[in-house]
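Residue numbers start from 1 in every chain, and the chains themselves are labelled A, B, ... in the order their sequence lines are given, proteins ahead of strands. What you see is a predicted model, and the numbers here were worked out from it, not measured in a lab.
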2 protein chains.
Amino acid sequence: MALFLSTFVNKVDRKGRVSVPATFRAALAAQRFPGIVAFPSFKFPALDCCGIERMEEINRRLERLDQFSEEYENLTPLFHDAQALPFDGEGRILLPPKFIQHTAIAIEGQAAFVGQGGMFQIWEPERFARHQASLRERALRQGPKLPAAPAPEGGR
Amino acid sequence: MALFLSTFVNKVDRKGRVSVPATFRAALAAQRFPGIVAFPSFKFPALDCCGIERMEEINRRLERLDQFSEEYENLTPLFHDAQALPFDGEGRILLPPKFIQHTAIAIEGQAAFVGQGGMFQIWEPERFARHQASLRERALRQGPKLPAAPAPEGGR
DNA sequence: CGGAGGTTTCCCATGCTATCCCATAATTTC
DNA sequence: GAAATTATGGGATAGCATGGGAAACCTCCG
């Protein structure tokens with residue numbers, strides 16, 4: 001299973017290239033497409049990213065919704081704006097102008113790669129810091145709850 | 001299942017490396033990733049640590065929540081700050097600067113590995129001593145209670 | 001059709017740091 | 001008491017993030 005952990009801040013060079021952290025690349029190494037798939041977050045100035053296989057999984061989940069329902073339609077933009085970003089020889093990706101704009105990441109600035117478990121996000125570092133603070137605050141207020149272990153074989 | 005017992009204090013060398021106690025390594029030996037996963041404790045200047053399998057288990061549970069829900073988001077900070085720390089050939093890990101800072105562990109100082117059962121913590125030894133004292137004091141005041149064993153046949 | 005301008009992809013060079021490897025001392029086991 | 005395991009130290013090496021330039025590519029216009 002691909003598991004993305006920790007936060008890495010890397011530089012964006014003049015051409016709009018960024019190194020994907022080596023540990024993230026390693027988590028994706030087994031997949032057919034050597035690169036990542038990214039799409040603008042609905043709610044935040046960030047990119048949601050994963051490997052191609054996860055994208056296929058998301059598609060399978062989407063297929064379980066009624067084809068002409070509003071929920072279905074609400075989710076399809078995800079595919080409209082998604083882009084496959086291949087690694088270059090050094091493990092970098094090129095951030096397309098649209099993504100630069102959506103995230104407010106600057107050319108010759110920095111990009112934060114944020115592990116989320118099965119996926120990761122890309123943020124402009126200062127915006128992420130603010131986002132993280134507000135997330136913490138909300139999580140404390142609401143009390144994070146992890147669903148019980150899936151019953152079948154359950155540990156213990 | 002991995003079970004971590006007792007407390008060990010080891011040196012942190014000039015490069016920020018510490019030996020993980022051999023018994024803890026043995027408890028993790030069966031897992032795919034040879035190393036530990038650590039993240040800053042919410043409440044204390046300490047690191048919470050476990051093996052990769054436990055992290056994957058947490059991720060599996062997380063995946064049962066809707067991808068873009070608030071409950072989901074509330075739990076992701078766990079992954080933002082977690083780091084996989086692989087063992088070197090001698091069973092040491094490298095403490096990243098962030099963790100050094102959070103725990104106030106000093107380069108060329110010491111680190112305490114504290115067994116907690118299914119997980120363990122890493123503390124700066126003096127801080128842990130104070131923490132332990134206040135824990136004891138509270139436990140005495142409140143009287144510790146261990147949940148009863150599940151009924152023999154116990155469903156779930 | 002051909003070529004100029006701009007862009008993208010590939011390749012090589014560099015400094016830095018983490019990782020590997022070996023050595024030694026202390027401790028435990030047999 | 002000898003051998004194995006563990007904790008610790010330090011030097012050598014490989015991998016990573018980063019920068020720049022050359023080659024391939026496309027597009028638009030002459």
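- Listed nucleotides: D:dA17, D:dT8, D:dT6. Nearest to the side chain of A:Ser19: D:dA17.
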Show me the donor-acceptor pairs, under 3.5 Å and distance only, between side chains in residues 40-51 of chain B and residues at least two apart or in other chains.
unit_1: B:Ser41; atom_1: OG; unit_2: B:Lys43; atom_2: N; d: 3.1
unit_1: B:Ser41; atom_1: OG; unit_2: B:Phe44; atom_2: N; d: 3.0
unit_1: B:Asp48; atom_1: OD1; unit_2: B:Gln121; atom_2: NE2; d: 3.0

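- Residue pairs meeting the side chain to side chain donor-acceptor pair (under 3.5 Å) criterion with at least one partner in residues 13-22 of chain B, sequence neighbours excluded, are B:Asp13-B:Arg17.
- A heavy atom closer than 4.0 Å to some atom of DNA chain D occurs in no member of residues 98-123 of chain A.
- Helix bend of the helix from C:dC1-D:dG30 to C:dC30-D:dG1: the angle between its two end axes, each built from five pairs, comes to 50° after rounding to 10°.
- Summarising the geometry, atom CD1 belonging to B:Ile107 is positioned 4.0 Å from atom CD1 belonging to B:Ile100; distances are rounded to the nearest 0.5 Å.
- Atoms CG (B:Asp88) and P (D:dA14) sit 17 Å apart, rounded to a whole Å.
- Residue B:Val20 is in sugar-phosphate contact alone, with no base atom involved, counting any heavy-atom pair closer than 4.0 Å across all strands shown.
- Regarding A:Phe8, its CZ atom lies at a distance of 12 Å from the P atom of D:dT18, rounded to whole Å.
- Picking from D:dG19, D:dC16, D:dT6 the nucleotide with the shortest atom distance to the side chain of B:Arg25 gives D:dT6.
- Partners of A:Asn74 under the side chain to side chain contact (heavy atoms under 4.5 Å, CB included) rule, at least two apart in sequence or in another chain, do not exist in this structure.
- Using a distance-only test at 3.5 Å, with no hydrogens or angles considered, no donor-acceptor pair links the side chain of B:Gln31 to the main chain of B:Phe33.
- Using the six-membered ring where Trp is involved, A:Phe8 and A:Phe24 have ring planes that are perpendicular, over 60° apart on the 30 and 60° scheme.
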Q: If a protein heavy atom is under 4.0 Å from the base, mark B; if only from the sugar-phosphate, S; if neither, -; do that for nucleotides 20-27 of chain D going 5' to 3'.
A: BB------

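- When the side chain to side chain contact (heavy atoms under 4.5 Å, CB included) test is applied to B:Lys11, no partner is found at least two apart in sequence or on another chain.
- When the side chain to side chain contact (heavy atoms under 4.5 Å, CB included) test is applied to B:Gln101, no partner is found at least two apart in sequence or on another chain.
- Here B:Arg25 contributes atom CZ and B:Glu90 contributes atom CD; the two are 9.0 Å apart, rounded to the nearest 0.5 Å.
- The pair B:Arg60-B:Glu57 counts as a salt bridge, with a side-chain nitrogen and a carboxylate oxygen less than 4.0 angstrom apart.
- When DNA chain C is scanned in the 5' to 3' direction for atoms under 4.0 Å from non-hydrogen atoms of chain B, the outermost contacting nucleotides are C:dA18 to C:dC22.
- Distance CG (B:Asn10) to P (D:dG9): 10 Å, rounded to an integer number of Å.
- Listed by chain and residue number, A:Arg32 satisfy the salt bridge (charged side-chain N to carboxylate O under 4.0 Å, His left out) test with A:Glu56 (two or more places apart in sequence, or in another chain).
- The stretch residues 89-117 of chain B participates, sequence neighbours left out, in no ring-ring contact (aromatic ring centres under 6.0 Å, His included) pair at all.
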With a 3.5 Å cut-off and sequence neighbours excluded, list the donor-acceptor pairs that the side chains of residues 75-87 of chain B form with protein atoms.
unit_1: B:Thr76; atom_1: OG1; unit_2: B:Glu73; atom_2: O; d: 2.8
unit_1: B:His80; atom_1: NE2; unit_2: A:Gln116; atom_2: NE2; d: 3.4
unit_1: B:Asp81; atom_1: OD1; unit_2: A:Gln132; atom_2: NE2; d: 3.4
unit_1: B:Asp81; atom_1: OD2; unit_2: A:Arg136; atom_2: NH2; d: 2.8
unit_1: B:Gln83; atom_1: NE2; unit_2: A:Ser6; atom_2: OG; d: 3.1

